[in-house]
Every structure is written in structure tokens, then in C-alpha cells.
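Here is the structure we will look at.
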Amino acid sequence: MKILEPTQFFLAISLASVVSSNQLLPSFLTQRNSKSNSGAQKPIMNIPNIALPPSRQDNPSVADSGSIIISDVIAKDRAINIFAGFTRDIQSIAERLADKSQNTTVLAPLNSAVTSLPQKPWEDQRDYAVLGEAAYDGSDGEDRAHRNLRSFVEAHVIALSPWKEGEKVETLGGGRKIWWENEDGKKMLRPDNIEVSSIADRVSNGEVWILKEVLPPT
Ligand SMILES: *[C@@H]1O[C@H](CO)[C@@H](O)[C@H](O)[C@H]1NC(C)=O
């Protein structure tokens with residue numbers, strides 16, 4: 001089990017943005033998923049072993065619009081499909097977004113915000129400081145990367161919706177509170193002053209907001 005080189009990671013990311021498919025994830029995550037498929041030989045770009053949301057409609061045209069949930073819609077917006085892929089790989093988040101009984105506000109950074117980070121969302125300079133260049137090698141490294149990715153995703157998920165202006169809430173990652181305010185017709189997330197470029201979806205179990213930048217980790 002070997003983590004792919006950063007260039008291959010970015011190949012997976014850019015494929016994810018052009019193909020806009022549910023199946024593509026950063027390669028180390030795809031490999032992790034294939035590990036649990038006992039013994040079967042899997043191609044690198046296989047379909048992640050993530051249960052489909054129980055509410056998934058085979059024929060959306062006949063779906064009652066009131067029953068549409070975040071997990072049905074989040075993958076459809078190409079501008080945020082890198083982050084959408086991350087939410088599907090973190091099981092607790094995937095389950096939450098597929099749960100009709102829990103409301104969620106997802107603060108999804110644009111693909112461009114994720115790819116312009118100085119490091120990958122699953123990298124942490126503290127890991128490199130302690131462990132050196134091999135920080136993400138082997139299965140321990142893979143676990144470390146997955147943990148970091150979970151923190152990244154959890155910093156972008158709020159366990160309530162609707163979210164009122166000025167209402168201070170902890171992100172799922174915990175540790176800090178954020179809120180939003182209207183300023184000159186723009187929605188701004190505080191205290192980081194990150195602009196919400198639009199609200200992509202409003203569905204029965206919450207909303208997907210699109211952020212111009214990523215939120216700092218907790
Ligand atoms: C969940 O979101 C829906 C849709 O916005 C809303 O009607 C409902 O009141 C929310 N439920 C809770 C508990 O906030």
C-alpha cells in the first residue's frame with residue numbers, strides 16, 4: 001500500500017473536476033476503500049465502497065422535491081466537486097448528509113480554493129515536522145492523511161440549518177465558533193472574513209454554500 005505522489009494526487013483531482021463523477025477521489029482514499037473489498041483486484045479509479053443514501057431516487061424526475069437531501073445534490077455542482085468528493089469519503093459526514101432527520105449547512109470551498117492551497121488538504125506541516133518526508137507513507141501515513149482530511153471537512157460543516165445571520169455556531173470539528181453577516185450585499189463568514197459566493201442548494205435537510213476560500217483548520 002503506497003500513497004501516490006503529489007502529481008498523481010493532482011491528476012486524480014483534475015480528473016475529478018473534468019469528469020465530475022461520483023467515483024473519483026484522491027488516490028490514497030480510493031486505495032483505502034479497495035482495501036476493505038476482501039481480496040478483489042480493483043483498478044485504481046474504482047467506485048468507492050460508500051453506501052448510497054437510502055433516499056436516493058432512481059428516477060429523479062418523479063422525486064418529490066421535498067424529499068431531496070444534500071447527498072443527492074452536492075455532487076452535481078462542478079465548482080465544488082473536489083470538496084463534495086471529500087464529504088463522501090468521510091463516512092460520518094456522508095451519513096449525516098444522507099440523513100433526512102438532521103439538518104446541516106455545508107460550507108463547500110470552490111475547487112480553485114482547494115487546489116491553490118500551499119499544501120494538500122490532508123497534509124499537516126506538524127506531521128512533516130515530526131516525521132519528515134515519509135509522514136504519509138505506509139498504512140500509518142494513510143491513516144494520518146485520512147484523519148487530517150476529516151478535520152478539513154469537519155471545519156466546513158455546521159450541524160444546523162437554517163443558519164441565521166449572526167448566530168455563532170461551532171463547526172463539526174469543534175474548537176471555534178463561526179458566524180456570518182451581510183456586508184454590502186455579500187455574505188461574509190466571520191471571524192475569517194471569507195466570502196460566500198452563492199448558495200448552491202437549499203434542500204429538505206439543509207443547504208450547501210459555496211465559499212471563495214477554505215476555512216482554517218481547528
Ligand atoms: C430543517 O430544514 C428545513 C428546511 O429548511 C426546515 O424547514 C426545518 O425547520 C429544519 N429543521 C430544524 C430542526 O431546524
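Whatever order the structure lists ligands and atoms in, that order sets their numbers, starting from 1. The figures that follow rest on heavy atoms only: side chains count, while hydrogens, waters and symmetry mates do not. Being a predicted model, the structure only gives us computed values, none of them experimental.
- Here is the list of ligand 1 atoms found below 4.0 Å of a heavy atom in Ser161: 1 (C), 2 (O), 10 (C), 14 (O).
- Below 3.5 Å of separation, one finds no N or O of Asn205 facing any N or O of ligand 1.
- Enclosure of atom CD in Glu133 is not indicated, since only 12 or fewer non-hydrogen atoms of other residues, nucleotides or ligands lie within 6.0 angstrom.
- For Trp163 and Trp209, the ring centers sit closer than 6.0 Å to each other.
- In this structure the side chain of Ile74 never reaches within 4.5 angstrom of the side chain of Asp201, judged on heavy atoms.
- Side chains of Asn205 and Gln102: no donor on one and acceptor on the other come within 3.5 Å.
- With respect to atom 13 (C) of ligand 1, the closest heavy atom belonging to the protein is Asn103 ND2, 4.5 Å.
- Below 30°, between 30° and 60°, or above 60°: for His156 and Phe152 the angle between ring planes is between 30° and 60°, a tilted geometry.
- Taking a cut-off of under 4.0 Å to the non-hydrogen atoms of Ser204, the atoms of ligand 1 that pass are 2 (O), 3 (C), 4 (C).
- Distances from atom 2 (O) of ligand 1 to the protein include at least one heavy-atom value under 4.0 Å.
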